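In listed order, ligands and their atoms are each counted from 1. Hydrogens, waters and symmetry mates are skipped; everything else that's a heavy atom, side chains included, is used. For clarity, every value in this text was computed on a predicted model and none was experimentally measured.
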Amino acid sequence: MIDNWIDLENECMKCTKCELCKTRTNVVFGVGNKNAEVFFIGEGPGENEDLQGEPFVGRGGKLLDKMLFSVDLSREKNIYIANIVKCRPPKNRDPKPEEQLACTDWLRNQFAIIKPKIVVCLGRIAAAKIIKPDIKITKEHGIFFEKGGVQMMAMLHPAAVLRDPRKKPEAFRDFQILREKIKEICNYTYSDDE
Ligand code: URA
Ligand code: SF4
């Protein structure tokens with residue numbers, strides 16, 4: 001474990017632990033507030049993320065930012081966002097189990113430094129890796145599971161919501177559920193709080 005954030009990021013940026021290092025443009029380490037109490041975890045960088053070196057910057061990212069904004073959250077302010085794999089799988093294929101295994105040490109180390117109270121997994125791949133292997137995302141999104149003293153929830157992946165806009169209300173509802181949990185266990189204050 002590396003206990004210093006700068007060292008961790010510098011080491012990760014040089015990583016060659018799996019073959020995704022050969023095809024990446026940028027390592028997408030993560031973005032946000034390192035003191036955040038809420039940690040969002042996606043699957044892996046897509047094309048835009050690979051080019052810009054930041055998670056969730058494409059159309060899905062715009063939608064994610066909108067949903068975050070609806071509950072007073074933002075990557076600039078009060079959350080951290082990273083992915084299961086830090087380098088883009090070619091043609092956006094699912095990251096292979098061995099790639100996920102190679103990369104999760106980085107995520108685990110980020111988690112150990114940030115020590116979030118809440119983890120939100122975006123999409124099935126992240127939820128299966130972090131919450132439980134057999135998670136049924138369509139049924140179990142929006143439900144909190146407790147693991148090692150941390151509250152964890154799966155959400156629909158923003159890209160899935162873009163593909164099927166009828167899912168938007170459910171997706172926004174999950175953010176309301178998140179907001180209630182934040183109010184209950186985090187130190188964040190909301191403008192409409194009593
Ligand atoms: N999808 C993800 O899971 N992560 C990103 O960073 C971008 C798209
Ligand atoms: Fe290293 Fe992860 Fe990139 Fe593989 S995906 S090279 S393990 S940073």
> Has the side chain of Glu9 got a donor or acceptor atom that lies under 3.5 Å from a matching backbone atom of Ile6?
Replying inline: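 Not a single qualifying donor-acceptor pair exists.
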>> Please verify the inter-ring angle class for Tyr80 with Phe39; under 30° counts as parallel, over 60° as perpendicular, anything in between as tilted.
In response: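 Perpendicular, since the angle between the ring planes exceeds 60°.
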What atoms in ligand 1 come closer than 4.0 Å to a heavy atom of [X]?
{"X": "Gly44", "result": "1 (N), 2 (C), 3 (O), 4 (N), 5 (C), 6 (O), 7 (C), 8 (C)"}
{"X": "Pro55", "result": "6 (O)"}
{"X": "Gly42", "result": "3 (O)"}

> If you measure from atom 6 (S) of ligand 2 to every heavy atom of Glu98, Lys86, Arg24, which option wins on shortest distance?
Replying inline: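 Ranked by closest heavy atom to atom 6 (S) of ligand 2, first place is Arg24.
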> Between the candidates Cys103, Cys21, Pro89, which shows the shortest non-hydrogen contact distance to atom 7 (S) of ligand 2?
Replying inline: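 Looking at heavy atoms only, Cys103 sits closest to atom 7 (S) of ligand 2.
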> Centroid-to-centroid, Trp106 to Phe111, below 6.0 Å?
Replying inline: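 Not close enough - the centres of the two rings lie 6.0 Å or further apart.
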Please report which non-hydrogen protein atom sits nearest to [atom], along with the residue it belongs to and the distance in Å to one decimal place.
{"atom": "atom 4 (Fe) of ligand 2", "value": "Cys18 SG, 2.4 Å"}
{"atom": "atom 6 (O) of ligand 1", "value": "Asn83 ND2, 2.8 Å"}
{"atom": "atom 3 (O) of ligand 1", "value": "Glu43 N, 2.8 Å"}
{"atom": "atom 1 (N) of ligand 1", "value": "His157 NE2, 3.2 Å"}

>> For Ile135 versus Ala154, what's the shortest heavy-atom pair and its separation?
In response: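 Scanning both residues completely, I find the closest heavy atoms to be CD1-CB, 4.1 Å.
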Please verify whether a non-hydrogen atom of [X] lies at under 4.0 Å from ligand 1.
{"X": "Glu54", "result": "no"}
{"X": "Leu122", "result": "no"}
{"X": "Gly123", "result": "no"}

> Is the NZ or CZ atom of Lys181 positioned over Phe144's six-membered ring, under 6.0 angstrom from the centre and within 45° of the axis?
Replying inline: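 Cation-pi check for Lys181 and Phe144: passes.
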Do NZ/NE/NH1/NH2 and the carboxylate oxygens of [X] and [Y] come within less than 4.0 Å?
{"X": "Asp72", "Y": "Lys77", "answer": "no"}
{"X": "Asp65", "Y": "Arg75", "answer": "yes"}
{"X": "Lys132", "Y": "Glu140", "answer": "yes"}
{"X": "Glu99", "Y": "Arg93", "answer": "yes"}

>> Taking 4.0 angstrom as the limit and counting only heavy atoms of Cys15, give me the atoms of ligand 2 inside it, by number and element.
In response: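 In order of numbering, the contacting atoms are 1 (Fe), 6 (S), 7 (S), 8 (S).
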>> Please determine whether Cys87 has a backbone or side-chain N, O or S atom lying under 2.8 Å from atom 3 (Fe) of ligand 2.
In response: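 Yes, since at least one N, O or S atom of Cys87 sits under 2.8 Å from atom 3 (Fe) of ligand 2.
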> Below 3.5 angstrom, do we get any N/O pair linking Phe56 and ligand 1?
Replying inline: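 Yes, Phe56 has an N/O under 3.5 Å of an N/O on ligand 1.
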> His141 and Glu170: side-chain donor and acceptor closer than 3.5 Å?
Replying inline: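 Per modelled atom types, His141 and Glu170 side chains form a pair under 3.5 Å.
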